[in-house]
Amino acid sequence: MERRQKKSPVNFRAWLDYGMGLLMILMGAFIIFPEKIVGFDFFEDSWFVRGAMKWVIGILFALYGIFRAYRGYLISRQND
């Protein structure tokens, strides 16, 4: 007698990684291009987030978001 293992229709961990990845990518875009998103430079008075540091932080957020989305993809592929 074989037991079937039930597969959940929604893999919560994979969807959490997709959602967090998308959020991190959007945050990276917001840090790099705040004028285009909200209409003014949100980080104008910040001593830390300006110039090249704005690009470094934005790119790091975007790369981490891509990593999270890829990890969600691997989790969902593993459960197939």
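Numbers for residues simply follow the sequence, beginning at 1.
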- Separation between CG (L26) and CD1 (I31), nearest 0.5 Å, reads 11.5 Å
- One should read off an interatomic distance between R13 CZ and I75 CD1, to the nearest 0.5 angstrom, of 5.5 Å
- Message: Hydrophobic cluster membership, with links at side-chain heavy-atom distances under 4.5 Å among I/L/V/M/F/W/Y: are L22 and L74 in one?
- Response: no
- Query: Any side-chain heavy atom of I25 sitting closer than 4.5 Å to one from Y64?
  - Reply: no
- Query: I66 and M27: same hydrophobic cluster, using ILVMFWY side-chain contacts below 4.5 Å?
  - Reply: no
- Message: Could you check whether any side-chain heavy atom of F42 comes within less than 4.5 Å of a side-chain heavy atom of F30, counting everything from C-beta outward?
- Response: yes
- Query: Do R50 and F43 have side-chain heavy atoms sitting under 4.5 Å apart?
  - Reply: no
- Should V49 and V56 be regarded as members of a common hydrophobic cluster, given that ILVMFWY residues are connected when their side-chain heavy atoms come within less than 4.5 Å of each other, either directly or indirectly? yes
- Query: Does the pair D41/K54 count as a salt bridge with the N-to-O cut at 4.0 Å?
  - Reply: yes
- Of all the heavy-atom pairs spanning M53 and F48, show the shortest one and how long it is. CG-O, 3.2 Å
- Message: Parallel, tilted or perpendicular, judged at 30° and 60°: which one describes the rings of Y18 and W15?
- Response: perpendicular
- Same hydrophobic cluster for I57 and F33, using side-chain heavy-atom links shorter than 4.5 Å among ILVMFWY? no
- If Ile, Leu, Val, Met, Phe, Trp and Tyr residues are connected whenever their side-chain heavy atoms lie under 4.5 Å apart, and connections chain through other members, are L63 and M20 in the same group? no
- Report the distance from atom CG of N11 to atom CZ of R77, rounding to the nearest 0.5 Å. 13.5 Å
- Message: Is there a side-chain contact between I32 and I59 in this structure, where contact means two heavy atoms from C-beta onward sitting under 4.5 Å apart?
- Response: yes
